Amino acid sequence: QEQLVESGGGLVQAGGSLRLSCSVSGRTFSSYDMGWFRQTPGKEREFVAVISWSGGRTYYANSVKGRFIISRDNAKSTVYLQMNSLKPEDTAVYYCNAAERAGSAWLGFGSWGQGTQVTVSS
């Protein structure tokens, strides 16, 4: 049974940084592109960033480009999201998942974890 456990969220002031982690089990982690997604109340989950299975390619939503960095450690079955220069509009629950391209969009597939709350105060 696959399991995704996100951690590292918290309350931070605007301009601050956080590093999220996502530990994956029950899945051949190194075979999948992995993504981070986020969701705020009343809105659909949105794509944030994706990293290829090898770690060699990354892609970011325009809203976080230049501020967030996605990385992965296949030996630890863990994907990370370093978030810098945080803004109040980054406030959301953040989730990781395997990701696949669907046209111009990136979508998560499989089971979702509980996510980790990130709150950025102004």
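Just so it is clear, the structure is predicted and the values come from calculations on it, not from any experiment.
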Main chain of G35, side chain of N97: is a donor-acceptor contact present, judged purely on distance under 3.5 Å?
no
To the closest 0.5 Å, what do you measure between [atom1] ([X]) and [atom2] ([Y])?
{"X": "S30", "Y": "W53", "atom1": "OG", "atom2": "CH2", "answer": "8.0 Å"}
{"X": "W36", "Y": "M83", "atom1": "CH2", "atom2": "CE", "answer": "8.0 Å"}
{"X": "L81", "Y": "R38", "atom1": "CG", "atom2": "CZ", "answer": "9.5 Å"}
{"X": "F29", "Y": "T78", "atom1": "CZ", "atom2": "OG1", "answer": "6.5 Å"}
{"X": "R57", "Y": "I70", "atom1": "CZ", "atom2": "CD1", "answer": "12.0 Å"}
{"X": "S122", "Y": "E89", "atom1": "OG", "atom2": "CD", "answer": "10.0 Å"}

Examine [X] and [Y] and state if one hydrophobic cluster contains both, with Ile, Leu, Val, Met, Phe, Trp and Tyr joined whenever side-chain heavy atoms are less than 4.5 Å apart.
{"X": "Y95", "Y": "V79", "value": "no"}
{"X": "Y94", "Y": "Y80", "value": "no"}
{"X": "V118", "Y": "V64", "value": "yes"}

[X] and [Y]: which non-hydrogen atoms are nearest, and at how many Å?
{"X": "A92", "Y": "T40", "answer": "CB-CG2, 3.6 Å"}
{"X": "A49", "Y": "Y60", "answer": "CB-CD2, 3.5 Å"}
{"X": "R27", "Y": "A98", "answer": "NH1-CB, 3.1 Å"}

Between L107 and F47, does a side chain to side chain contact (heavy atoms under 4.5 Å, CB included) hold up when you go through it step by step?
CA-CA 7 Å; L107 303 177; F47 165 77; over 6 Å; no
CD/Q114: more than 12 non-hydrogen atoms of other groups inside 6.0 Å
no
Considering residues at least two apart in sequence or located in another chain, which fulfil the ring pair (Phe, Tyr, Trp, His ring centres under 6.0 Å) criterion with Y32?
F109
Scan for salt bridge (charged side-chain N to carboxylate O under 4.0 Å, His left out) pairs involving residues 63-74, sequence neighbours excluded, and state none if there are none.
R67-D90
Validation: residues 3-26 side-chain donor-acceptor distances under 3.5 Å, sequence neighbours left out:
residue: E6; atom: OE1; partner: G115; partner atom: N; Å: 2.9
residue: E6; atom: OE2; partner: C96; partner atom: N; Å: 3.1
residue: S17; atom: OG; partner: N84; partner atom: OD1; Å: 3.0

May I ask you to check whether F37 and W112 place their ring centres under 6.0 Å from each other?
yes
